Amino acid sequence: ARITNNGPGTLNNVKVEVLCGYESTNKSSGQLAGGEQVTKTVKLNLKPGEQYSFPTGLKIDTNTFSYSGGCQVHGGFNDPNPGNDSYWEEVK
């Protein structure tokens, strides 16, 4: 997963919880095959425009399944734009 500081301020030693997860669909049958979620706590030191990347630990198998998933950040700071604190996408 990647977290980008979209500003306007710098984040110095800010701990946030990141919830990541997915729902999977079997490509052959089209049946829902379940999902998985993890929560990670990360410490951020980011100037506006900088990114922080980390492994979520979620295991995926794109040969067998397609996925709808993403992550959401729960910050411990005053966020002027909480509307950009999550990202979801399809992985086929």
Side-chain angles (χ1 to χ4, degrees):
R2 286 187 311 268
I3 297 174
T4 302
N5 179 359
N6 291 310
T10 297
L11 301 174
N12 291 310
N13 294 318
V14 174
K15 286 186 180 179
V16 297
E17 283 195 349
V18 184
L19 172 65
C20 296
Y22 64 77
E23 291 291 328
S24 62
T25 302
N26 185 294
K27 288 182 175 183
S28 297
S29 69
Q31 296 289 320
L32 289 177
E36 185 178 359
Q37 286 187 340
V38 296
T39 301
K40 301 277 187 171
T41 300
V42 296
K43 189 188 315 183
L44 302 175
N45 291 293
L46 298 172
K47 295 176 185 172
E50 290 184 332
Q51 286 187 349
Y52 173 74
S53 298
F54 63 96
T56 64
L58 294 169
K59 305 290 186 221
I60 63 171
D61 173 7
T62 56
N63 291 317
T64 306
F65 301 99
S66 61
Y67 299 88
S68 175
C71 296
Q72 182 173 22
V73 174
H74 299 280
F77 57 94
N78 183 15
D79 186 350
N81 185 7
N84 66 6
D85 291 351
S86 62
Y87 179 78
W88 304 94
E89 70 178 51
E90 300 290 321
V91 178
K92 301 203 181 231

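This structure is a prediction, so every number in the text was calculated from the model and none was measured.
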[Y] backbone acceptor or donor facing [X] side chain under 3.5 Å:
{"X": "S24", "Y": "G34", "answer": "yes"}
{"X": "Y67", "Y": "D61", "answer": "yes"}
{"X": "K27", "Y": "T62", "answer": "yes"}

So how far is it from [X] [atom1] to [Y] [atom2], rounded to the nearest 0.5 Å?
{"X": "T41", "Y": "K15", "atom1": "OG1", "atom2": "NZ", "result": "7.5 Å"}
{"X": "T10", "Y": "K47", "atom1": "OG1", "atom2": "NZ", "result": "7.0 Å"}
{"X": "C71", "Y": "E17", "atom1": "SG", "atom2": "CD", "result": "13.0 Å"}
{"X": "N84", "Y": "D79", "atom1": "CG", "atom2": "CG", "result": "6.5 Å"}

### Query
Between F54 and V14, is there a shared hydrophobic cluster once you connect ILVMFWY residues whose side-chain heavy atoms come closer than 4.5 Å?
yes
### Message
Between Y87 and I3, is there shared hydrophobic-cluster membership here, with clusters defined by ILVMFWY side-chain heavy atoms closer than 4.5 Å?
### Response
no
## Note on the structure
Only one of N12, L11, N13 passes side-chain contact (heavy atoms from CB on, under 4.5 Å) with K43, and that residue is N13
For [X] versus [Y], what's the shortest heavy-atom pair and its separation?
{"X": "P48", "Y": "P8", "answer": "CG-O, 3.4 Å"}
{"X": "G7", "Y": "P80", "answer": "O-CG, 4.3 Å"}
{"X": "P55", "Y": "K40", "answer": "O-CE, 3.8 Å"}
{"X": "C20", "Y": "T56", "answer": "SG-CG2, 3.8 Å"}
{"X": "N45", "Y": "E50", "answer": "O-OE1, 4.0 Å"}
{"X": "S68", "Y": "E90", "answer": "OG-OE2, 3.2 Å"}

Any non-hydrogen side-chain atom of [X] less than 4.5 Å from a side-chain atom of [Y]?
{"X": "V42", "Y": "V18", "value": "yes"}
{"X": "V91", "Y": "E89", "value": "yes"}
{"X": "F65", "Y": "N26", "value": "yes"}

### Query
Does the side chain to side chain contact (heavy atoms under 4.5 Å, CB included) test come out yes or no for N5 and L44, once each step is laid out?
CA-CA 9 Å; N5 179 359; L44 302 175; over 6 Å; no
### Task
Output all residues satisfying side-chain hydrogen bond (donor to acceptor under 3.5 Å, both in side chains) with N63, sequence neighbours left out; order by chain, then residue number.
none
### Task
Please assess N6 against N81 for the test side chain to side chain contact (heavy atoms under 4.5 Å, CB included), listing each intermediate value before the final yes or no.
CA-CA 9 Å; N6 291 310; N81 185 7; over 6 Å; no
